[in-house]
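Please see the structure below; I have some questions.
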Amino acid sequence: QVQLVESGGGLVHSGGSLTLSCAATTRTFTTYAMAWFRQAPGKERDFVAGISWSGGRTYYADSVKGRFTVSRDNAKNTVTLQMNSLKPEDTAVYYCAARPIVVHTTTPREYPYWGQGTQVTVSS
C-alpha cells in the first residue's frame, strides 16, 4: 500500500516553469515504479513521464520530451516533475501514480495507486 500526495501546481504564463512534487507514504518506496499523468477537461488521462524504482530509467510522452524532467529521491520518498517551457496545452490536472511492478507502462489502469491531483494552468 502507498499513499501519494501531489503539490506544486499553480498558474503560470506560457514559457514559464513549475515543479511538481509527489510525496509517498510507504516503507517500500523502492519497490514502486512511479509516473505522472495528466487529464484536461473532457479528455482522457494521459501518460506524461515515468521513472523506474532506482531512477535509472525515465520515460516521457513525446509531447513533453525536452521540456519536462522526472526524478526521484528514494531517501525522501519523493518524485519530482520539473516542467519548463510550459505551453497552454499543458493545462491539466496532474496526477502522481505508483505501480509495484518494474515493467514500465503508460496505461493508467495498470497503476493501482494515485494521488488526488494538482491543477496546472498555463496562460497564453
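We use all heavy atoms of the structure for the numbers below, so side chains are in, but hydrogens, waters and symmetry mates are not.
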**Prompt:** Which value, rounded to the nearest 0.5 Å, describes the distance between Cys22 atom SG and Trp114 atom CH2?
**Reply:** 11.0 Å
**Hydrophobic cluster membership, Val93 vs Tyr113, 4.5 Å side-chain cutoff** = no
**Complete:** CG (Leu20) and CZ (Phe68) are apart, to the nearest 0.5 Å, by 8.0 Å
**Message:** Within the 4.5 Å heavy-atom criterion, are Met83 and Asp90 side-chain neighbours or not?
**Reply:** no
**Message:** Quick check for you: to the nearest 0.5 Å, what is the distance between Thr78 atom OG1 and Asp73 atom CG?
**Reply:** 4.5 Å
**Asked** Are the side chain of Tyr95 and the backbone N or O of Glu6 linked by a donor-acceptor pair below 3.5 Å?
**Response** no
**Request:** State whether the side chain of Thr105 and the backbone N or O of Thr107 hold a donor-acceptor pair below 3.5 Å, judged by distance alone.
**Result:** yes
**Asked** Among the clusters formed by ILVMFWY side chains lying less than 4.5 Å apart, do Leu4 and Phe47 turn up in the same one?
**Response** no
**Residue pair Asp46 / Val48, side-chain heavy-atom distance below 4.5 Å** = no
**Request:** Quick one: pull up OG in Ser52 and NE2 in His104 and give me the separation to the nearest 0.5 Å.
**Result:** 10.5 Å
**Asked** Rounded to the nearest 0.5 Å, how far does OG1 of Thr118 lie from CG of Leu81?
**Response** 11.0 Å
**Message:** Heavy-atom count check: over 12 atoms from other residues, nucleotides or ligands less than 6.0 Å from Glu110 CD?
**Reply:** yes
**Request:** Step by step, work out the ring-ring contact (aromatic ring centres under 6.0 Å, His included) result for Phe37 and Tyr111.
**Result:** CA-CA 11 Å; Phe37 289 79; Tyr111 289 81; 5.2 Å; yes
**Message:** Within the structure provided, determine whether Thr91 and Gln119 are in side-chain contact (heavy-atom separation under 4.5 Å).
**Reply:** yes
**Asked** Cationic tip of Arg72 within the cone over Phe29's six-membered ring, i.e. under 6.0 Å and within 45° of the normal?
**Response** yes
**Item:** Enclosure of Gln116 CD (heavy-atom neighbours >12, cutoff 6.0 Å)
**Value:** yes
**Side chain to side chain, Tyr60 and Thr106, heavy atoms closer than 4.5 Å** = no
**Prompt:** Do Thr26 and Asn77 touch side chain to side chain, with heavy atoms closer than 4.5 Å?
**Reply:** yes
**Contact summary for Thr30 and Trp53, nearest pair of heavy atoms** = O-CB, 3.0 Å
**Message:** side chain to side chain donor-acceptor pair (under 3.5 Å) for Tyr94 and Arg38? Distances and angles first, verdict last.
**Reply:** CA-CA 4 Å; Tyr94 283 70; Arg38 66 187 181 187; 2.9 Å; yes
